[in-house]
Amino acid sequence: MLALGKLLELTLAGREPAEKTQVTADGVRMRWLGEGALEVRPPEACDNGLDLLLSAGIHGNETAPIELLDRLLHDIARGDLKPQARILFLFGNPEAIRRGERYLELDVNRLFNGRHDQVSGAEALRACELERLAATFFSVPERTRLHYDLHTAIRGSKIEQFALYPYKEGRQHSRRELARLRAAGMEAVLLQSKISITFTAYTYEQLGAEAFTLELGKARPFGQNDGVNVGRLETRLKQIIEGTEPEQPEALDGLQLFSVAREIIKHSDSFQLHLAADIENFSELEPGYLLAEDIADTRWIVEEEGARIIFPNPKVKNGLRAGILIVPAKPDQLA
């Protein structure tokens, strides 16, 4: 296997490869672009016009997605997986991955779309670098752009595998892409309705990619991910990479769609979230429930029918989102 196929091993060791470019026996070119970043380019005759960005490890302790990308890279380096797409593999926060921590000082996935310019430190610089790498990769005109940012959650979930679909004014969410997500094992999709500061929000809003944050299960250490079943996603990614996806109807049978009702923003150290510490994502909340309180008599009371909570986290820094209140959505605004 070519040494560049061992990107994870290089990243964990903090090493640069001796050779920055290598070519497989099938003519697939692998090019090291920097720490945790590798471009894969198929032979020109095989290129189908897709630019695919696969990122993981934006949170360093979310290891199942990192292991998935590592397996795909190994298969390409051995010649077992024959790409017809250009691919950029990114391990988002290398130092946090090495330490097994979610992040060191700042949550990298809250530092995009200009947010990194408002703070300092290594993780702000890394977010800026990830934006640069993505922008350069997606700079070739007249090519299809697709970005999957792979995560696992810090808590359990009543719907284990789901996706977040970013928002841009004037741009409709794609029924075809939702059907592809369903085929990849996603059980639900959150259709976002405002601009955001995540990595996929940046690639969707600024670079024109179809972009999705995928939540694949609960975060566990390296080597302990037997409980995170990414089989359907892995199969679909291989098909996307090789250009062998089966024709699929655009029916969304079984895919649950949600929209954001409200974001719960933590304003001060007085913030209180009135939920059990181990509450699962997608837990239902009854109308009238006092969800959270903060300074100046700020109160969040559930008003919506069918409301559920995702990503509740009272420990976030002031000014950031401490949870999202979501409600069922209808697929009437899909392209």
Side-chain angles (χ1 to χ4, degrees), residues 1-58 60 62-95 97-98 126 129-150 199-200 203 207 209 211 214 222 230 233-245:
M1 182 173 71
L2 296 181
L4 288 181
K6 300 178 181 179
L7 180 65
L8 177 57
E9 184 178 313
L10 290 167
T11 304
L12 290 174
R15 296 199 320 267
E16 289 191 16
E19 294 181 77
K20 302 298 193 295
T21 301
Q22 293 181 325
V23 182
T24 72
D26 297 311
V28 176
R29 183 175 296 272
M30 308 179 77
R31 185 163 65 104
W32 191 81
L33 303 178
E35 187 171 38
L38 187 78
E39 181 192 59
V40 172
R41 186 184 295 266
E44 188 172 340
C46 300
D47 192 329
N48 66 6
L50 171 64
D51 288 341
L52 174 64
L53 169 53
L54 296 175
S55 54
I58 297 291
E62 298 176 0
T63 62
I66 297 170
E67 292 175 350
L68 170 54
L69 297 196
D70 186 47
R71 289 195 298 273
L72 294 174
L73 262 174
H74 283 192
D75 286 348
I76 292 170
R78 284 194 300 259
D80 296 336
L81 190 60
K82 304 181 190 305
Q84 293 195 4
R86 284 177 70 234
I87 314 163
L88 177 59
F89 288 90
L90 289 178
F91 293 137
N93 191 338
E95 185 57 34
I97 293 171
R98 286 190 283 267
R126 183 60 176 175
E129 174 71 358
L130 293 173
E131 284 190 354
R132 184 192 67 79
L133 287 163
T136 300
F137 180 68
F138 283 139
S139 65
V140 183
E142 298 182 2
R143 292 180 65 87
T144 302
R145 301 173 180 180
L146 179 62
H147 177 198
Y148 287 146
D149 185 32
L150 310 184
F199 194 15
T200 54
T203 56
L207 305 181
L214 304 188
F222 280 117
V230 295
L233 174 61
E234 189 163 356
T235 296
R236 181 58 51 155
L237 288 177
K238 288 179 177 179
Q239 292 170 344
I240 293 172
I241 287 169
E242 291 197 307
T244 59
E245 277 186 288

task: With sequence neighbours left out, write down each residue that passes side-chain contact (heavy atoms from CB on, under 4.5 Å) with E16, or none if nothing qualifies.
output: K20, W32

field: side-chain hydrogen bond (donor to acceptor under 3.5 Å, both in side chains) partners for E245, two or more places apart
entry: R180, R236

task: Go through the structure and list residues passing side-chain hydrogen bond (donor to acceptor under 3.5 Å, both in side chains) with R98, not counting sequence neighbours.
output: E35, E95

field: Test salt bridge (charged side-chain N to carboxylate O under 4.0 Å, His left out) applied to K6 - qualifying residues, sequence neighbours left out
entry: none

Shortest non-hydrogen contact between T24 and A77, atoms and distance: CG2-O, 4.2 Å

field: Nearest heavy atoms of F199 and L90, plus distance in Å
entry: CZ-CD1, 3.9 Å

- prompt: For the atom pair OH (Y148) and CD1 (I240), what is the distance rounded to the nearest 0.5 Å?
  reply: 4.5 Å

field: Partner set under ring-ring contact (aromatic ring centres under 6.0 Å, His included) for F91, not counting sequence neighbours
entry: none

message: Once rounded to the nearest 0.5 Å, what's the spacing between atom CG of L81 and atom CD1 of I241?
response: 5.0 Å

- request: Measure the CD1-CD1 distance between I97 and I58 for me, rounded to the nearest 0.5 Å.
  value: 8.5 Å

task: Identify the two heavy atoms, one from K82 and one from D26, that lie closest to each other, and give their separation to 0.1 Å.
output: NZ-OD2, 3.0 Å

message: Taking side-chain hydrogen bond (donor to acceptor under 3.5 Å, both in side chains) as the definition, give me every residue that meets it alongside R78, ordered by chain and number, with sequence neighbours left out.
response: D75, D80

field: Heavy-atom side-chain contact between I76 and I87 under 4.5 Å
entry: yes

message: Quick check for you: to the nearest 0.5 Å, what is the distance between L72 atom CG and L7 atom CG?
response: 12.0 Å

- request: Enter the distance from L237:CG to L52:CG here, rounded to the nearest 0.5 Å.
  value: 7.0 Å

field: Euclidean distance, I66 CD1 relative to F89 CZ, rounded to 0.5 Å
entry: 13.5 Å

- prompt: Who pairs with R15 by salt bridge (charged side-chain N to carboxylate O under 4.0 Å, His left out), at least two apart in sequence or on another chain?
  reply: none

task: List the atom of V40, the atom of L73, and the distance in Å for their closest heavy-atom pair.
output: CG2-CD2, 4.3 Å

Salt bridge (charged side-chain N to carboxylate O under 4.0 Å, His left out) against E234, all qualifying residues, sequence neighbours excluded: R71

Please table the atom pairs, donor to acceptor, closer than 3.5 Å between any side-chain atom in residues 140-147 and protein atoms at least two apart or in another chain.
| unit_1 | atom_1 | unit_2 | atom_2 | d |
| --- | --- | --- | --- | --- |
| R143 | NE | D51 | OD1 | 2.7 |
| R143 | NE | D51 | OD2 | 3.1 |
| R143 | NH1 | D47 | OD1 | 3.3 |
| R143 | NH1 | D47 | OD2 | 3.3 |
| R143 | NH2 | D47 | OD1 | 3.0 |
| R143 | NH2 | D47 | OD2 | 3.4 |
| R143 | NH2 | L50 | O | 3.2 |
| R143 | NH2 | D51 | OD1 | 3.0 |
| R145 | NE | F138 | O | 3.0 |
| R145 | NH1 | F138 | O | 2.9 |
| R145 | NH1 | L207 | O | 2.6 |
| R145 | NH2 | F138 | O | 2.4 |
| R145 | NH2 | V140 | O | 3.3 |
| H147 | ND1 | T203 | OG1 | 2.8 |
| H147 | NE2 | S55 | OG | 2.9 |

task: Could you give me the CA-CA distance, side-chain angles and deciding distance for L150 and V230, then say whether side chain to side chain contact (heavy atoms under 4.5 Å, CB included) is met?
output: CA-CA 11 Å; L150 310 184; V230 295; over 6 Å; no

field: pair L2-E19: side-chain heavy atoms closer than 4.5 Å
entry: no

query: Considering only heavy atoms from C-beta outward, does the side chain of L33 approach that of F137 to under 4.5 Å?
result: no

Residues forming a salt bridge (charged side-chain N to carboxylate O under 4.0 Å, His left out) with E131, sequence neighbours excluded: none

task: Over all heavy atoms of both residues, which pair between N48 and A85 is shortest? Give the atoms and the distance, please.
output: OD1-CA, 3.8 Å

- line: Note: R126 and P94 closest approach over all heavy atoms is NE-CD, 3.6 Å

- prompt: Under the side-chain contact (heavy atoms from CB on, under 4.5 Å) test, which residues partner T244, sequence neighbours left out?
  reply: Q239, E242

- prompt: Taking Q22 for the side chain and L4 for the main chain, is one N or O donor matched with an acceptor at less than 3.5 Å?
  reply: yes

